[in-house]
There are 2 protein chains.
Amino acid sequence: MSSQPDPNDIRNVTIMDVARESGVSYSTVSRVLNGYEFVKDSTRQRVLETAERLGYVANLQARSLAGGRSRIIGLLVPGLDNAYIGEVVRGIDEELARANYDLMLYTTHRHRGKEPVYVKTIVNGIVDGLLLIVPLDPVAYLKNLRERQFPYVVIDHQGFDDFSPTVVATNWQGAYDATSYLIQLGHRRIGFVAGTPELSSATERLNAYQAALYTHEISFDAALVQNGDFQQEGGYLAAKILLNLDVPPTAIFASNDSSALGVYDAVHEFGLRIPHDISVVGFDDTLQAAVMYPPLTTVRQPLMDMGRTATRMLLNLIKGQPPPNHRIVLPTNLVLRGSCQAPATTSVQSTAQLSERRMK
Amino acid sequence: MSSQPDPNDIRNVTIMDVARESGVSYSTVSRVLNGYEFVKDSTRQRVLETAERLGYVANLQARSLAGGRSRIIGLLVPGLDNAYIGEVVRGIDEELARANYDLMLYTTHRHRGKEPVYVKTIVNGIVDGLLLIVPLDPVAYLKNLRERQFPYVVIDHQGFDDFSPTVVATNWQGAYDATSYLIQLGHRRIGFVAGTPELSSATERLNAYQAALYTHEISFDAALVQNGDFQQEGGYLAAKILLNLDVPPTAIFASNDSSALGVYDAVHEFGLRIPHDISVVGFDDTLQAAVMYPPLTTVRQPLMDMGRTATRMLLNLIKGQPPPNHRIVLPTNLVLRGSCQAPATTSVQSTAQLSERRMK
DNA sequence: ATATTTTTTGCAAGCGTTTTCAAAACATTA
DNA sequence: TAATGTTTTGAAAACGCTTGCAAAAAATAT
């Protein structure tokens, strides 16, 4: 009985089966499935119905091979060991689900050389478009993507070209606000834990830190800027150097929350208290920030929103609708919590007591 | 010049191009690429070399359509809003990268009905195998997978059948240890914030809690068990009920770290201190646990390891090597941090003072 | 040198779709 | 009623790869 398909049949039901069952050609079935206009309504109904009845599910590979849409988008991330990435991915995932798209995840594990290879595979592969979160080496392959007219959107990195669709946060403004806040609290010696210099977000934050000092007429001391790596370990190391300075800072601005965690570690190791002895500010507002003790004052990035926005942009690009602006900038804002207060010595200069605690 | 391929050519280089360039048939190229044994060494060399030179990258869709391996595995997760999932995924990702596989991520967003649909799409799709993290409704489709001989491994759920390859942690033992620890500290009234009862991990933890009480001859009080949902909010609500009890507990064991966070919230809302007024234990040891204040004593699950192990199992399954055991159990262990101490009233029974603080 | 076996290779079919092109069916007009 | 125009449908060619089968080439045995 062809109308009684064996439910235990191992083979999948194809467009052919649906065609046979509904008495039309497979081309017609394909057209119905793709919403082609010129199909008789009654035919459409019948096909749709048998497809449903047979439990037909499109074979994406075949579809995409034949030139159709796969409804899969690729996501290239440096790594998963990071709450920050996780948040962005959540936003992407949410928006994708709403649009009925699936997600293919590529992790480069921070291996720079892997990026171009991945991108190549991705592009000649199944995905309809590509999302890149903080790419390490975009210039190496974005030009190619563009030439192929392959849809892509870059998240949280900019400045390497001026044609790539990009979603970023106001890194500069956020860092400026944070620094200004510390200054307004009375801090004059503010340490800065920098991020990976290849990333525009890192350099922007550093620039804003300097700009804020400048605006408030505080002279810049290069010793107060130490390199971190956007990870806890780097923050810890950088903070140790800062706290060992002859005149240590009364506040430390870490380039992201992970580094701030490292700063907390170092501060505690020196037997100091936050915020009493030293204030700390982070950047990102990941889940951990609110849970830390004391809760971390930090610059909130709308991470999920960035993911969502980028996804919407990409989906439009795939539909052939280029976005009005190539670059979308989302606002950050300073979240005040318990990790900051006015410096212990209300009068500014005498950090003498503090520096006595310095570790050898 | 056929030997000078245009680098700007939009079309991808195919197996045909490689064949033409190296003067063999496309089948031979395919064989070389798939490591087929009976190819003359010199031929193999030549093909490999031209493939490299031309920058050939296999088209996964075509390969998988034709019946080959896609080197992609699918991962079905309930959601991304959870540090716990993230950890497992990291383990998976790591192991997959090592084996040169890619990852396709499917999120059900905790929508039970979506699971079967997804599984169907996945199976007739591109992936070579499927990993399922805490599936909500496995019975609905695992039988089908098995019948099709489709490789899959279940992570952190068990008990719904006895043939599915599974990786779990010692949930029972972990919860038993945690409860015993609290009892040894002197606690007699121990609250329990339960997890989602559909998950075996949740019921096992509850059972172990009861077993530990029983072993130590502490009578079970149903009022001390409140339902949570494995999320912060549920933990908060459950803890509020517990703290409002006529004789509130002196310790609360939360079914996972997220719930424990909610417990912290409730405790603070009641103006109580951890661990001075009340001890708290969690489960999972996610990244947050160490950062919370006070640092959370919790049962560590080897999450990344679970991901890695499951992935290795799956990869073997795909290769046609069934694992020696269908079910792999990884050990948990209790991580002692600052959220527990002996109950304030060293003598056990008089919890009078505590209950006075009770909120109206 | 010839027959036989074994190793290598090529051809063709097929995987499940989309899409172009042309034919069939239907509706409309003269 | 014939001619013309439209809407619907079907057949066939791709898409890029794997694989069974058979032929060619090389190696071995007689």
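What you see is a predicted model; the values in this text were computed from it and never measured.
In this structure, CZ of A:R20 is placed 14 Å from P of D:dA11, rounded to the nearest angstrom. As a whole-Å value, the separation of A:R44 CZ from D:dT9 C1' is 13 Å. As a whole-Å value, the separation of B:F38 CZ from D:dA27 P is 15 Å. Note: CD1 (A:I126) to P (D:dC15) measures 18 Å, nearest angstrom. Summarising the geometry, the separation between CD on A:E37 and P on D:dT7 is reported as 9 Å, rounded to the nearest angstrom. Between B:L60 atom CG and D:dC15 atom P there is a gap of 18 Å when expressed in whole angstrom units.
The shortest distance between the side-chain N/O atoms of B:T43 and the OP1/OP2 oxygens of C:dT8 is not below 4.0 Å.
B:Q158 places no side-chain N or O within donor-acceptor distance of the main-chain N or O of B:V168, the cut-off being under 3.5 Å.
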Less than 3.5 Å apart, which donor and acceptor atoms pair up between the side chains of residues 30-42 of chain A and the rest of the protein, not counting sequence neighbours?
from  : atom 1 : to    : atom 2 : distance (Å)
A:S30 : OG     : A:N34 : ND2    : 3.4
A:N34 : ND2    : A:S30 : O      : 2.8

Quiz: residues 85-97 of chain A side-chain donor-acceptor pairs under 3.5 angstrom, not counting sequence neighbours:
from  : atom 1 : to     : atom 2 : distance (Å)
A:E87 : OE2    : A:R90  : NH1    : 3.1
A:D93 : OD1    : B:T107 : OG1    : 2.7
A:D93 : OD2    : B:H109 : NE2    : 3.0
A:E94 : OE1    : A:R308 : NH1    : 2.5
A:E95 : OE1    : A:R312 : NH1    : 3.4
A:E95 : OE2    : A:R312 : NH1    : 3.4

Show me the protein contacts with nucleotides 17-21 of chain C, counting only N or O atoms at under 3.5 Å.
from   : atom 1 : to    : atom 2 : distance (Å)
C:dT17 : OP1    : A:Y56 : OH     : 2.7
C:dT17 : OP1    : A:N59 : N      : 3.2
C:dT17 : OP2    : A:I15 : N      : 2.7
C:dT17 : O5'    : A:Y56 : OH     : 3.3
C:dT18 : OP1    : A:N34 : OD1    : 3.1
C:dT18 : OP1    : A:N34 : ND2    : 2.9
C:dT18 : OP1    : A:R63 : NE     : 3.0
C:dT18 : OP2    : A:S30 : OG     : 2.3
C:dT18 : OP2    : A:N34 : ND2    : 3.2

Between the protein and nucleotides 23-28 of chain C, list every N/O to N/O distance that falls short of 3.5 Å.
none

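Among residues two or more places apart in sequence or in another chain, the side-chain hydrogen bond (donor to acceptor under 3.5 Å, both in side chains) test is passed with A:S200 by A:H157. Scanning for side-chain hydrogen bond (donor to acceptor under 3.5 Å, both in side chains) contacts around A:T196 gives an empty result, with sequence neighbours left out.
Contact of the B:L317 side chain with the B:P323 side chain is registered, since non-hydrogen atoms from C-beta on lie closer than 4.5 Å.
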